[in-house]
Amino acid sequence: MNSPVRLLTVSIGLSAAFAVFPPLMWAQTSSPDQPLSTRERAAHLLSRFSFGPAPGEIEHLLEIGEQAWLDEQFSAGPDLVLADMLGSLESIEMSIAEIRDEYNLPAEENESNEDRRARQRLENVPRQELLQSVAMRAINSRNQLEEVLCDFWRNHLNVSFTKGGPSKYFITEWENEVIRANARGSFPAMLRLSAHHPAMLHYLDNSSSRRPPSKQELREIELRTRRRTGSSAQGEAAVDLALQRGLNENYARELLELHTLGVDNYYKQKDVVALAEILTGWTFSGGRNGTFTFEFRNNMHVPDKKRFLGKTIKSDRKDGQAEGEQVLENLAMHKGTAQFIAMKMVRYFVADEPPESLVKDLTRTYAKTDGDIEQMVRTIVASDEFWSRENYRCKFKTPWEFLVSSLRVVGAETDNLRAILKASAEMSQPLYQCDDPTGWYDTAEAWLDPGVMALRWQAALDFAYGRVRGVSVPDHFWDAIPENVLPRLWQHHLTRLVLPGGAGERTRAALGFTTDAYLKKARVPDVRELGPQLLGLLLGSPEFQQQ
Amino acid sequence: MNNTSRREFLLASATAGAALSGLRLWARPFVPIGVAGVAAPSTGAVVVIYLRGGADWLNMVVPWKDPVYQQSRPTLGLNLEHGLVPLDSHFALHPALSPLKKLWDSKQFAPVLCTGSPHGTRSHFDAQDFMERGAPGLRNITSGWLNRYLQASPAKETSDFRALAMQELLPRSLRGDFPALAVPTKMDRRKGRKTLDTFERFYGGGDGDGGMMGTDNDENVVRSGQMTISTLRSFQDIVAAAKSGDTVKYPDSKFGSRMKTLAIVIKAQCGLEVGALDYTGWDHHINQGGTDGKQNLMLADYAASMSAFCADLGPLLDSTTIVTMTEFGRTVKENGNNGTDHGRASGMFLIGGGVNGGRIHGDWLGLTPGVLADGRDLPVTTDFRDVMAACLRSSFNFKLPKDFFPGYKPGKVKLF
C-alpha cells in the first residue's frame, strides 16, 4: 500500500453504553434450562451473526430489538466508512483480465534479479490487497451479517491461492461476483456462478477435463506438428501426449460431495463420471490473450448421452453446454442439496451437533424459497433451538473468528492487517489458502487441540500490550472505563465490555488475582497499566474462545 | 489424574529432566522428594506419517517391467533410464526415493503394496476419516486408532506425553479421549513459558483453584487449556535440554525440521510412544510428473528427511517403527493433465529396526484389466488395519482388545 489508510471503527452510541449498572450482577452461571437473559440474547445473536460485538453494539441491539437488528442487517446498503477505508486498495474491484493486465508484466530479456523481484512483488499485490480487504471488512464493516455469511460461503465453495498458477488473478473477482454478491441472496445463483467462474474451474481442474481426441484429430495433430517441426518423431510424440488428454473427475466429485448433495448422498461413482462428462468443455479463455471469462468448448465435450442420478441426459451436439446448465439447476433444487446446506448452516450458526428438528425446518425453508439465504437465516433466528441455553456459547471460535472478534471487541484501530493475516496462518487457518476443497472446518473437533490454545494466548497478550504491528487498542476503549470507581472494580467494567455474556467464577477469581498483585505494587493505580494486562487475560480466557 | 497429582507429577518430570541435563530449568517453590532422575528404559515408539491427498504409490514402488504399467503411463511412466532404483526382480523405487535404498539393504525398510480399505469411497475426506479411525464406512466412530491404543494401554512409563503431533492440529488418528499434544511449531520458547504461567489460573490450574466453576459449555476448552499448559511445558524442557551441535543434516523444509524435532523427543527417551506428522499436497491431478513434476520434489524431501531421521535416531531406530500411509492410491492410467485421479489401493512403508525389511510385502496381482478394481484401479489385497495392528503388536506388545477395529478382526501379516 502506498499511503496507509487510517481506519477508525464506527462507534455506535458509545457513551450511552456505560450508564449505571450493578457491577456484580452479570456473571452468575445459570442453570441449564433457564432461558437466556436479554443481555445474553444480545451477546448470542451478535456472536453468531456478526464477528462479535464492537463497542456499543450490544446496547444498540438492546435498544432497537432483535428483529429490527436483523432487518437492519438485511436491508443495509454499502458501508461508506468502510468503502473509504478500502479506497487505497486499487485492485479489489478489478476483473480478472484487468488484474492480469495491470499486475502481470512480461519478463524482459536478460532481466536483472532486481527487476525480477519487482515484477514478482507486483504480481502479488492483488492477492495481498484482497486478503487485506477481506480482513478489513470482517473487522470493520457495519454489515456484519454479510461478512459472516461470506465467511460461511467462502468455505462452502472453497477456492485457494495454494493452487498456484493463475489463481492469483482469479480470486478477487470470485470474492466479489460469486461470494459477496450472493452471500445474502440465492444459493442456486451462487452455485451457478461458481460453476462458470475461472477460479473454480481452475481450482478443481475442470478447465482441463475433456473427451479423448478422435482419430481424425490425432491425425491432424500429427500432421501439424510434423509440418511445424519437420520431425516425424515429434509428430508421434504429440499424438502420444494428446492421447492422454482426457476426463478429470475432480470438480464433478466435489460438486456433488461438497457443494450440493453431501458425501455419498443420492449418488454413486458412476454419477461422478457422468457428471464429469457432462461438464467437459466448461473452461475459460486463458493464455496470453485470453479474456479470462467462461467459455464452453464443444470440441472438448463428450458428445454421447449420459445417465446421471438415474435420469438420461440427452446430448445436444450443437449445444453441449445446456446439459451442464440443466444438471446444475436440478442439483440446486435437489432435496439432498436442501438437506446438506441446511445441515451446514445449522452447524455453523447454532451447534456442532446440529439439532435435527432445526435442520428439518431449514430444509423446508430451502425447498419453499428455492434456496433463499435470507429466509434461511430468519428461520434460524426464529427457532427455539437457536436460543436454547444448551447452544449458548457452545461453539469454539475458529482462529479467524477468534482474531477478528478480538479486534472488534475493543474497536481496534487498524491500518495494516498483515500481522493479523499472518497470525491466522500460524494458527493453521490462512485466509483463502485452504488446500482442501472442504474449506476450513467449522466445528471444535477440528480446532480444539491441546497446544493450539498457546498460540491464542500469545496473540491475546501481544495485541493487548500493543505489540502487534498495524493494529492497536484505541483510547476510547480505555476511556469507557469510568474514572470514579475503585481500581478493584476495573476488572468488572472490562469484563462487561469484553465478555458481554458474562464471566465464570474461575475467570473472575483469576482476574482478581492479577488485580490484587498489581494494586499491591502500584503507588498510583493507572488503568492504562492494569487494563492491558486484564484485557490480554480476558481475550485468552475460556469464555472468549467460545461463541 | 486430578489437578494435584498432575501438578506433582509435572514437577517430578521437570525435576527429572533438570537432573538429567544438569540444568535448572525454571524456578519452583518446592522440590518433591523421592523422584530421582532415572534414565528411562527405551520403549518402542511408532511414528505415523500421513501423506494427505492420496499419494500415487504406483510411481513410488514401480512395477516398471510390466508393459501395462508403461502403456498406462506414457508421460508419467518410469524406466531405468530415469534412474529407478531396483529393489528386486519386479519392483524399483522412484529415483527420488533412492535415500531409502540404504535402509532396504540393511533390512530396515519394508514396503507393503496394495494396501487399502474395503470401503470404496474416493472422497479424500471420507477415506482419511475411515482410515485414521480404523473404521471404514462407520461414521459413528470418531476416535482415532492411535488414540484408542493410548486409551486401551497403560503408559509404559510415567510420561507427560505418550503421544504428540508435530503440527498445530492433531491428525484424526490421534483425536479422542486420550489427550495428545499438538505442538505449535511457532512457539517462542521463553515468551511461551511465561504465557503458559500467566494463563494457568484461567484454566483451572495453579494455586487456590478449589474446583471453581467455569461458565456455560466451556468444559472442553478448559480441558484443552490445561493440557496445553502441562504438556507444552514438558515439551519445551526436552527441546531446551537437547544437545546442540547437529551431526545429522535434515532437508531445510517444514517436514524435515518437524522430523528433526520429533527425533529430539524420541532421543530424550521420555516415554513417547506415538508421534504423528502430516505431509500434505499429494493430490496430483495435474503436473504430477515422472521425474520432473511435483511428486518428484515431494518424494525427494520425504526420503531425505526420513533418511536423516533414521540416522539421527541411531540405535534407537531398533525400537522405533515409522509407518507411512495415504488415504488411497491413484488411477493406473494417467489422466490428461500429466497427473492421476483418485483410485483404490495404495501402499504403506514400514521403516525401523524391527521390521521384516529388504523385501516387498503385500500380494501383487499385476495390472491386467481383469484384476483391476472397477477395471481401472489397483485392487486392495491387504487391509490397512492389518498393518496398523501389526505395528501396535510388534512395537508395544499390545494385545488388541476385541473390536479395537469395530467389526473387524485383523489378519496376521508377517511384517515384523
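Just so we're on the same page: letters track the sequence lines, and every chain starts at 1.
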Can you name the nearest heavy-atom pair linking Ala454(A) to Leu196(B), along with the distance?
CB-CD2, 4.3 Å
Relative to chain B, which of Arg456(A), Glu257(A), Glu254(A) shows the most heavy atom pairs under 4.5 Å?
Glu257(A)
Would you call the rings of Trp457(A) and Phe199(B) parallel, tilted or perpendicular, where under 30° means parallel and over 60° means perpendicular?
parallel
Tell me the closest heavy-atom pair linking Ser428(A) and Glu168(B), and the distance in Å.
OG-CB, 2.9 Å
Arg393(A) portion near chain B, given a 4.5 angstrom heavy-atom threshold:
both
Atom pair CG/NZ of Leu247(A) and Lys333(B) - distance to nearest 0.5 Å:
12.0 Å
Atom CG of Asp205(A) and atom CG of Asp283(B): how far apart are they, to the nearest 0.5 Å?
8.0 Å
Only pairs of heavy atoms separated by less than 4.5 Å count here; which of Gly225(B), Gly53(B), Ala165(B) has the most with chain A?
Gly225(B)
Please classify the contact between Leu258(A) and chain B as side chain, backbone, both or neither, with a heavy-atom cut-off of under 4.5 Å.
side chain
Is the CD atom of Glu353(A) crowded by more than 12 outside heavy atoms at less than 6.0 Å?
no
Atom CG of Asp449(A) and atom CG of Leu164(B): how far apart are they, to the nearest 0.5 Å?
12.5 Å
Contacting region of Leu461(A) [heavy-atom separation from chain B under 4.5 Å]
side chain
Please round to the nearest 0.5 Å and tell me the distance separating atom CZ of Arg201(B) and atom OG1 of Thr514(A).
7.0 Å
Side chains of Asn337(B) and Asn248(A), donor plus acceptor under 3.5 Å:
yes
Just verifying a value: how many Å separate Arg253(A) CZ and Asp341(B) CG, rounded to the nearest 0.5 Å?
8.0 Å
Which region of Lys397(A), side chain (C-beta onward) or backbone (N, CA, C, O), has a non-hydrogen atom less than 4.5 Å from a non-hydrogen atom of chain B, or is it both or neither?
neither
Segment of Ala180(B) engaging chain A (4.5 angstrom heavy-atom cut-off):
backbone
Residues from residues 117-126 of chain B approaching chain A under 4.5 Å (heavy atoms):
His119(B), Thr121(B), Arg122(B), Ser123(B), His124(B), Phe125(B), Asp126(B)
Chain A heavy atoms under 4.5 Å from Asn220(B): which part of the residue, side chain, backbone, both or neither?
both
Has Asn217(B) got a side-chain atom pairing as donor or acceptor with Glu390(A)'s backbone, closer than 3.5 angstrom?
yes
Closest contact, heavy atoms only, Thr228(B) versus Gly451(A)
OG1-N, 2.8 Å
Below 4.5 Å, heavy-atom pairs only: which of Gln533(A), Gln546(A), Glu445(A) has the largest tally toward chain B?
Glu445(A)
Does His285(B) form a side-chain contact (heavy atoms from CB on, under 4.5 Å) with Leu204(A)? I'd like the steps, not just the answer.
CA-CA 9 Å; His285(B) 287 279; Leu204(A) 291 177; over 6 Å; no
Heavy-atom pair with the smallest gap, counting every atom of Phe202(B) and Arg506(A)
O-CD, 3.6 Å
Rounded to the nearest 0.5 Å, how far does OG of Ser209(A) lie from CD1 of Ile286(B)?
12.0 Å
Pairs of heavy atoms under 4.5 Å with chain B: top-ranked of Phe396(A), Phe513(A), Tyr392(A):
Phe513(A)
Within a reach of under 6.0 Å around NZ of Lys294(B), are more than 12 heavy atoms found that belong to other residues, nucleotides or ligands?
yes
Is Arg172(B) close to chain A through its backbone or its side chain, or both, or neither, when contacts mean heavy atoms under 4.5 Å?
side chain
For the candidates Gln269(A), Met427(A), Lys395(A), Gln545(A), which exhibits the highest count of non-hydrogen atom pairs separated by less than 4.5 Å from chain B?
Gln269(A)
